[in-house]
Amino acid sequence: MESKVLDGLMRPKSIAIIGASTDPTKIGYTVVNNIIKGGYEGSIYPVNPKADEILGLKSYKSLQEIPGEVDAAVITVPSKFVLEVVDEAGKKGVKGLIIITSGFGEVGNKELEATVVAKAHEYGMRILGPNIVGTLSNSEKLNASFAPLLPLPGKGALVSQSGALLIAMDMATFTRRVGFEKLISIGNMSDVDFADLVEWLDKDETTSCITLYIEGIKDGRKFMNAAKKATKPVIALKAGVSAHGAAAAASHTGSLAGAAKVYGAAFQQAGVVQATDLGNLFDLSLALSLQPPMKGDNLVIITNGGGVGVLATDAAERFDLPLKFAPKDVQEELKKHMPVFGSAKNPVDLTGMAGYDWYHDSTKFVFSHDWADGLVVLYCETAMTEPMEIAQGIKKALDESGMLGKKPVTVSFVGGDKSEKAMQWLVENEIPAYGAPDLAVHAISALREYDRMKEIISEPEETITTANKEIALKAIKAARDDGRDSLTEIEAKQVFSAYGLPVTTTYLAKSEEDAIKLAKEIGFPIVMKIVSPDILHKSDAGGVKVNIKDEAGCRDAYKTILTNAKAYKADANIHGVAIQEMAPWGTEVILGSVNDSTFGPTMMFGLGGIFVEVLKDVTFRVAPVSKKSALRMISEIRGAPILAGVRGEAPRDRVKLSETISSYAQMIVDLSEEISESDANPVLVYEEGKGLKVADARIILKKK
Ligand code: ACO
């Protein structure tokens with residue numbers, strides 16, 4: 001959908017309020033009052049079947065009576081009248097509808113909601129809502145909502161799925177001193193969704209950064225595409241990240257993938273900066289709306305206090321931006337702006353004696369220096385200095401450096417009222433300032449993270465071409481024809497193999513004699529496993545025997561496995577026993593997938609065995625996954641050093657592993673209509689150049 005289509009809705013030249021009222025207790029009254037109070041300069045048309053005048057404005061009995069054009073219509077009539085009103089609006093040529101009314105999909109009234117959307121689309125109208133507070137814009141002086149006031153002016157736009165929270169955040173812009181240009185309530189997202197607004201706001205000249213409060217996204221891929229394309233920072237706070245269907249998951253991966261992890265991966269891949277909580281959402285919005293991305297890792301901290309300097313240094317490490325000592329020439333110059341007992345290393349400690357001049361001179365020097373990619377200036381209020389003077393010194397230095405807007409800076413003043421006022425002044429002058437050093441560091445680290453993510457997004461993606469989808473579909477069809485929604489290990493390995501995954505050689509034995517013949521063909525030692533669609537957790541059923549060295553062992557194992565399986569589940573449908581090559585020992589990892597309801601096929605990687613069971617040391621990516629991204633997955637788990645080679649052990653074959661992850665991801669994309677969840681667990685990874693082996697495989701199909 002063309003983003004221009006939203007102009008009528010978001011930037012209307014005229015606005016009607018259908019359900020406007022003379023009764024001050026009604027939302028229809030408040031909206032008209034808010035539009036007037038906000039100073040809206042377009043035409044305002046209240047519509048009410050009985051009233052002639054509302055709040056001093058001429059009121060119309062119907063939309064058709066309005067003499068001029070109507071760009072947007074705010075709807076505040078009860079839900080049972082909305083469809084009729086939408087039809088009237090369509091006939092009038094209204095471009096966009098702001099449907100405040102509740103009582104649609106959110107209470108199960110999905111059919112009415114869909115009918116309303118279909119009706120609006122018949123006329124080419126777009127809908128914001130229903131079930132919203134409305135929309136507010138400082139640049140349009142438009143408060144088309146029942147939130148009390150236009151927010152404190154700022155440069156970012158905030159889109160919220162929660163109406164009540166939007167109102168609360170509106171008021172909090174004044175207490176937190178973090179302004180917004182726009183607040184948009186998105187409610188049920190029956191039509192206009194997060195992706196549409198990201199696309200529109202990205203082109204909106206009055207918006208410098210897009211902040212989202214998200215409870216759930218409807219179309220994950222659409223959102224990711226819009227966010228990836230956005231040229232402005234997108235920040236998201238995702239609420240509701242607990243137990244996302246994990247309990248019902250049949251595979252290992254299914255139980256490890258929660259909304260938090262999948263959303264986290266999707267945000268990262270789409271270049272969306274993730275806020276940790278509401279306070280952080282404001283803090284990051286301030287920094288990302290006022291400052292440019294940080295394009296390198298060299299962060300400098302200037303301080304007048306060792307304590308805040310150490311706190312900021314700790315935070316820098318925590319937020320993945322560890323401090324480095326400044327180069328010698330930088331240190332030499334800085335020493336001129338501090339007493340002999342100061343420190344020019346980094347953090348740069350000007351000491352408690354630091355006044356206007358030292359702050360000004362060191363800030364100007366550091367910010368202009370090529371080595372510094374970003375700057376955090378800290379100040380502890382002392383009796384020797386005036387916070388406002390220090391703030392002015394910092395700002396003057398930044399201006400004189402000529403680098404404002406080219407690299408980022410954040411500030412933290414710790415002190416009393418005077419420090420608060422100084423910070424307020426800084427924010428008014430577009431320098432993000434925070435009441436604690438770690439907050440200033442967190443904010444600048446978000447600017448660094450944003451740049452890193454955008455750089456990764458711009459990398460070309462290589463695709464895998466070796467797949468044989470037909471063979472994979474044949475194995476899946478065999479299971480479907482058998483009335484099953486899970487594949488046996490042998491079938492799952494056929495699918496994996498069709499996508500180039502190096503699986504252990506596995507044959508199906510239907511008798512003891514078969515078993516001996518196949519074992520000899522593979523060569524001892526071998527592994528034997530029960531093959532039954534009714535026994536997914538084979539080890540639990542006593543259905544796995546490893547390191548079988550000879551014919552006698554093979555006969556024994558065959559009998560024991562069948563006996564155990566029958567004891568475990570008497571009516572289990574047993575296909576036979578898998579005779580399998582025993583892969584030599586290697587580092588155990590797990591590859592897996594879920595078909596997420598929001599983002600579709602999603603890939604998981606982690607260390608296997610106890611690491612996955614206990615430590616849940618896994619990472620996710622929405623598929624497909626390029627080889628480069630796969631390498632990043634390998635390096636971002638906590639256990640990465642194990643694969644890199646620790647204590648004299650040779651590094652593992654991470655190149656082959658990355659190719660396998662990438663092929664696996666391609667498989668789950670190609671077969672997304674079929675595969676619900678899957679695991680390759682364990683996968684044994686060998687030394688560099690020696691590849692890996694998939695020792696076990698599990699595929700759960702989508703129910704059809
Ligand atoms: N055209 C024009 N005006 C009409 C029409 C029509 N077709 N039909 C009715 N009206 C008028 C009514 O006559 C009334 O005006 P009046 O006061 O002069 O009589 C006005 O529209 C409103 O209708 P009411 O029946 O009085 O409805 P009321 O104002 O009580 O409720 C509302 C309407 C606010 C839309 C309600 O149904 C609703 O959905 N409330 C929840 C809204 C909400 O909270 N949304 C945000 C959710 S997020 C959050 O929780 C913060």
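Predicted model only: the values in this text are computed from it and were never measured. For ligands, and for the atoms within them, numbers begin at 1 and follow the listed sequence.
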Restricting to heavy atoms, the pick from Ser102, Ser59, Ser185 nearest atom 42 (C) of ligand 1 would be Ser102

Would you please determine whether Pro49 falls within less than 4.0 Å of ligand 1 on a heavy-atom basis? yes

For Phe146, which part has a heavy atom under 4.0 Å from ligand 1: side chain, backbone, both, or neither? side chain

Does the protein put any heavy atom within less than 4.0 Å of atom 31 (O) of ligand 1? no

Just need the protein heavy atom nearest to atom 47 (C) of ligand 1, so name the residue and atom and give the distance. Asn131 OD1, 3.1 Å

Close side-chain approach of Asn48 to Lys61, heavy-atom, < 4.5 Å: no

Does Asn138 reach the side chain of Pro151, with side-chain heavy atoms less than 4.5 Å apart? yes

Counting only heavy atoms, which portion of Ile27 has something under 4.0 Å from ligand 1: side chain, backbone, both, or neither? side chain

Just so I know, are the side chains of Ser162 and Tyr213 near enough to count as touching, which here means a heavy-atom distance under 4.5 Å? yes

Before accepting this row, confirm whether a basic side-chain N of the pair Lys95/Asp7 lies closer than 4.0 Å to the acidic partner's carboxylate O. no

What is the nearest protein non-hydrogen atom to atom 21 (O) of ligand 1, stated with its residue, atom name and distance? Gly19 CA, 3.1 Å

Under 4.0 Å from atom 51 (C) of ligand 1, can you find at least one protein heavy atom? yes

Minimum non-hydrogen distance to atom 7 (N) of ligand 1, winning option of Asn188, Val85, Val47, Ile132: Val85

Would you say the side chain of Ile17 lies within less than 4.5 Å of the side chain of Tyr45, judging by non-hydrogen atoms? no

cation_pi(Lys261, Phe620) dist<6.0 Å, angle<=45: no

Determine, using heavy atoms of Pro78 and all atoms of ligand 1, whether some pair is separated by less than 4.0 Å. yes

Select the closest option to atom 29 (O) of ligand 1 among Lys50, Lys26, Glu106, Glu84, judged by heavy-atom distance. Lys26

Pick from Ile100, Val77, Ile99: the one approaching atom 35 (C) of ligand 1 most closely through a non-hydrogen atom: Val77

Among protein heavy atoms, which sits nearest to atom 33 (C) of ligand 1, and what does the distance come to when rounded to 0.1 Å? Thr76 O, 3.5 Å

Any pair counted as salt bridge (Lys or Arg N to Asp or Glu O under 4.0 Å), so long as it reaches residues 15-25, sequence neighbours left out: none

Residues that Ser208 engages under side chain to side chain donor-acceptor pair (under 3.5 Å), provided they are two or more places apart: none

For atom 18 (O) of ligand 1, tell me which residue out of Thr30, Asn48, Leu63, Val133 has the closest non-hydrogen atom. Asn48

Quick note on ligand 1: atoms under 4.0 Å from a heavy atom of Ile18 include exactly 1 (N), 2 (C)

Parallel, tilted or perpendicular for Phe267 and Phe223, by the 30°/60° rule? perpendicular

Sub-6.0 Å ring centroid separation between Phe413 and Tyr434: no

Is Ala164 close enough to touch ligand 1? Criterion: a residue heavy atom under 4.0 Å from a ligand atom. yes

